[in-house]
Number of protein chains: 2
Amino acid sequence: MPATLSPSRRVRSTPYTARVEEAGVSGYTVYNHMLLAAQFEGIEADYHHLLRHVQVWDVACQRQAEISGPDAARLVQMLTPRDLGALAPGRCMYVPLTDADGRIANDPVLIAHAPGRLWLSLADSDAIWLCRGVAQAAGLDASIREIGVAPLAIQGPKADELATRVFGPEVARLGFFRHGRFDFGGHPLAVARSGYSRQGGFEVYVDREELALPLWDALFAAGRDLEVRAGCPNLIERIEGGLLSYGNDMTDDDTPLDCGMGQYCHLERDTGCLGRKALADYEASGKARKLRGLLIDCDRDSAPPLTRAWRVLDDRDEPAGKVTSAAWSPRLGRCVSIAMLEPGRAGTELRVELEDGRGVRAEVADLPLVA
Amino acid sequence: MPATLSPSRRVRSTPYTARVEEAGVSGYTVYNHMLLAAQFEGIEADYHHLLRHVQVWDVACQRQAEISGPDAARLVQMLTPRDLGALAPGRCMYVPLTDADGRIANDPVLIAHAPGRLWLSLADSDAIWLCRGVAQAAGLDASIREIGVAPLAIQGPKADELATRVFGPEVARLGFFRHGRFDFGGHPLAVARSGYSRQGGFEVYVDREELALPLWDALFAAGRDLEVRAGCPNLIERIEGGLLSYGNDMTDDDTPLDCGMGQYCHLERDTGCLGRKALADYEASGKARKLRGLLIDCDRDSAPPLTRAWRVLDDRDEPAGKVTSAAWSPRLGRCVSIAMLEPGRAGTELRVELEDGRGVRAEVADLPLVA
């Protein structure tokens, strides 16, 4: 019998946990010391629903680090190789954070509410301590705290329709990775066109706990005929879509250059990024690895779940990398995966050692695996 | 039906996970992005066994941050209010880490292997990023990495007997919070007299993965007549014993002064600790709260589990603090708990609002609750 997740304050529940439980969550994971649903009816049933309808996701675990003060933007610029020159209120930016060695500490979305008030929507690491350590040791005038914001995502092809019913028609005019304020319960909530799926939708940054359950309930009341359901980031859909997961597909052993984030590494001029030199040296070394898609030859029931990296070998049985996420794809009829490949190995015929040790063939493919 | 914990690479398994599963783990938690068993037969059955016999615990989740280089000790001293003057090879030290604001980032045990090679055995936060941020922004010559060490604990009244059978009689001569090297499989493993229970025992820092399962198996083979079992930190025993848990009893909202760690706050002279001024100011303000024991009047089946802090009210129904951990104590026949109390509220008659909202009486008591 699989073990359950034991209750404690340390593994935090969210303002929506009661509703997630009522909706029949069957699997949890823990993300930023907080509960995150991993499946309801089942990963595959959840997937089919997400591709057709609309889901409401409790993603309160995307904790918001608020960086405020005159040096707020300077601090974030020290921590990311991405040039923040284009940062502006109303725009979301994906900003891989690194330390001075170029190691990825997190890959948050940055939202600027005002020049001196930035939110980092954090992936699963306490990168807030990197922010504090650097700010304090460098003597910056910036205050860093995790704030009581509980993001709720609306994802799926009917997301625009559902969001419109609750927030009004203006919300559908938001461009991708743009955010604005939309009234709910008399309070202007920040809503962004974003989310951890390729099916489209929004993330609502609920910054008043008393609005959390009313918003959840309003979305379900408004979406009954849209077949709205409770959902969560879906393993199959996010691998097919090439959405990376910090802790799975990248860790602090990796740099943004290993992870296909070259477009966010503006190393040509000195923005103040602490990791610039390390990243430039690494780029010049030619040692950067590559995150790629891998289509693995195995049948539906024998491969996933993946609980640890699977070894990838080349045609001479030499180590060629590792598989970092994997799932059975109903759309492709194959096991889809993301793999970190050693330089120069992406073109060869590869073999993957599955969880049970069996070796099977695999084919390199571009991410996303499903457009 | 309670939800299970969904598999992924991000929630890491340990070198011992196969044995933990074979031993019938029934509840997991996640600690430092890694699996940690929370119960086997049941928290109460596990507790009775721990008090009488000996258990082997997979505590690989106590991740080791290795700080090396000429500035290693200087870096740790910047991060702790404890004077590290007494640091010496062979000695373990409990060192609450804080940032410059005095917020607790972690409460690890520090082991010095050599002056320029320190291990921090981390509690549940990525404080490694605070170490890196401060070291890099302050220009220190120190390298910080999480290393492949998987601690295994031997806990319970028969721990000396079991450890002696596997490591030889010298191990029983280790003083409390002292460590040494003991041979296993031809390799000298670091063994400390320490562990997260009050029942006595050792922690073995297994730094070669190929020794992990052989050591587990050797302990079980040697301990059959001692009734050795797989175990884990036990909620009841650790609350009775007043052992604090980062994330439960303290968070980054708290300083060491709130947590009864005054004896580790050497603020009278400048050791280089970044948080010294903030902590001294906080101490002078008289606002420090107090972690205390609370004996809560409720019956066995109605109180725990605690999944979020429970409010504590004083005799005028004013907020007096919060309960941060709670469990039913078979030895005391009451609900034992740890609570963070506002200054001056520890003497009054208190009331606790349980998880279901009911208010019940509670009595302040010293930690540990059971000596």
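First the proteins, then the strands, lettered A, B, ... as listed; each starts at 1.
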_Can you give me the closest heavy-atom contact between Thr307(B) and Ser13(A), atom names plus distance?_
O-OG, 3.9 Å
*For residues His33(B) and Ser125(A), report the shortest heavy-atom separation together with the two atoms involved.*
CE1-CA, 4.3 Å
*Contacting region of Thr17(B) [heavy-atom separation from chain A under 4.5 Å]*: neither
*asked:* Please give me the minimum heavy-atom distance between Ala3(A) and Gly27(B), naming the atom from each residue.
replied: CB-N, 3.9 Å
_Side chain / backbone / both / neither for Asp253(B) at chain A, heavy atoms under 4.5 Å_ = neither
*Decide, yes or no, whether a salt bridge links Arg132(B) with Asp252(A) under the criterion of side-chain N to carboxylate O below 4.0 Å.*
yes
*Between Val11(B), Asp126(B), Leu79(B), which shows the greatest number of heavy-atom pairs under 4.5 Å with chain A?*
Asp126(B)
*Start with the C-alpha distance between Tyr31(A) and Arg10(B), add both sets of side-chain angles, then the distance that settles side chain to side chain contact (heavy atoms under 4.5 Å, CB included), and finish with yes or no.*
CA-CA 9 Å; Tyr31(A) 197 97; Arg10(B) 186 174 53 74; 3.5 Å; yes
_For chain B, the option from Ala309(A), Ala37(A), Gly24(A), Ala138(A) that forms the most heavy-atom pairs under 4.5 Å_ = Ala309(A)
_Residue Ile144(B) versus chain A: region with a heavy atom under 4.5 Å_ = backbone
_Exercise: identify the closest heavy-atom pair between Leu130(A) and Gly133(B)_ = CD1-CA, 3.7 Å
_Interface moiety of Thr251(B) toward chain A, non-hydrogen atoms closer than 4.5 Å_ = side chain
*Give the minimum heavy-atom separation between Ala38(B) and Ser6(A), together with the two atoms involved.*
CB-OG, 3.2 Å
_For chain B, which candidate among Glu146(A), Gln39(A), Arg103(A), Arg145(A) shows the most heavy-atom pairs at distances under 4.5 Å?_
Arg103(A)
*Side chain, backbone, both or neither: which part of Leu306(B) has a heavy atom under 4.5 Å from chain A?*
both
*Quick check: are there more than 12 heavy atoms from other residues, nucleotides or ligands sitting under 6.0 Å from CZ of Arg311(A)?*
no
_Does any part of the side chain of Ile128(A), heavy atoms only, come nearer than 4.5 Å to the side chain of Trp129(B), both counted from C-beta?_
no
_Heavy-atom proximity to chain B below 4.5 Å, by part of Ser245(A)_ = side chain
_Part of Leu274(A) lying under 4.5 Å from any heavy atom of chain B_ = neither
*Lys322(B) side chain near Arg9(A) side chain, heavy-atom distance below 4.5 Å*: yes
_Closest approach of Asn248(A) to Ser8(B) (non-hydrogen atoms, all atoms of both residues)_ = OD1-CB, 3.8 Å
_Options Thr324(B), Val30(B), Thr29(B), Asp124(B), ranked by heavy-atom pairs under 4.5 Å with chain A, top entry_ = Asp124(B)
